[in-house]
Amino acid sequence: MSTSTMSYVLSEPRLPDSKTMQRLIALLVELAPTGRKMDLEETTGRFLDLWEKAARAEADPLPSLRVQEFKKTGNAYLHLADEYQKAEIWEKTLFSKNNVANQWEYVARLASELLPEDHPVVVEARKHAKNRE
């Protein structure tokens, strides 16, 4: 592995692919300080486990800070219910379709951070969000 590739892999905010990660681990084990015996297979296994966890976290990012705070206090679902109710009320008033759709979009975003993508609340909110002028 060239020094430029190694520098790129270590400075890039995204994870390298599995093969590149394995090459980097092998290089780092080889460059370990003398007197410190490292088992390549064990070290590779340990790092690849961490890499897999990081890859899952990268693919499935944390909910927004707002939703994380709601979850800590137990208010996330109450907030979602309030926003859902607000969207329903707005639909029956003189608000523009665009404002109502924006509210449903917000509800869909909140709901998708709390519920599975196929949950009826998420599906319904996304359906309403598409209903613009």
Begin from the C-alpha positions of Val29 and Ile25 and carry the test side-chain contact (heavy atoms from CB on, under 4.5 Å) through to its verdict. CA-CA 6 Å; Val29 166; Ile25 295 165; 4.3 Å; yes

Which pair of non-hydrogen atoms, one from Val122 and one from Ser112, has the smallest distance, and what is that distance? CG2-N, 3.9 Å

Enumerate donor-acceptor pairs with a distance under 3.5 Å from any side-chain N or O in residues 40-53 to protein atoms, sequence neighbours excluded.
{"residue": "Thr43", "atom": "OG1", "partner": "Asp39", "partner atom": "O", "Å": "2.8"}
{"residue": "Thr44", "atom": "OG1", "partner": "Leu40", "partner atom": "O", "Å": "2.7"}
{"residue": "Trp51", "atom": "NE1", "partner": "Pro16", "partner atom": "O", "Å": "2.8"}

Rounded to the nearest 0.5 Å, what separation is found between the CD atom of Glu83 and the CZ atom of Arg109? 10.5 Å

Does Pro116 have any side chain to side chain contact (heavy atoms under 4.5 Å, CB included) partners at least two apart in sequence or in another chain, and if so, which? Asp118, His119

Test side-chain contact (heavy atoms from CB on, under 4.5 Å) on Arg126 and Glu117; report intermediate values, then the result. CA-CA 10 Å; Arg126 287 203 173 118; Glu117 290 297 315; 2.7 Å; yes

Pairs where residues 2-11 contributes a residue and the test side-chain hydrogen bond (donor to acceptor under 3.5 Å, both in side chains) is met, not counting sequence neighbours: Ser2-Ser4, Ser2-Thr5, Tyr8-Glu12

Pairwise distance CE(Met6) to CZ(Arg23) - rounded to 0.5 angstrom: 11.5 Å

How far does NZ of Lys86 sit from CD of Gln103, to the nearest 0.5 angstrom? 5.0 Å

Once you round to the nearest 0.5 Å, how far does OH of Tyr77 lie from CG of Leu114? 5.0 Å

When rounded to the nearest 0.5 angstrom, what is the spacing between NE2 in His79 and CG in Leu110? 4.5 Å

Scanning both residues in full, the closest heavy-atom pair of Glu91 with Val100 reads CG-CG1, 3.3 Å

Tightest non-hydrogen contact, residues Ala129 and Ala101, listed as O-CB, 3.4 Å

Ring geometry between His128 and Trp104 (parallel below 30°, tilted from 30 to 60°, perpendicular above 60°): parallel

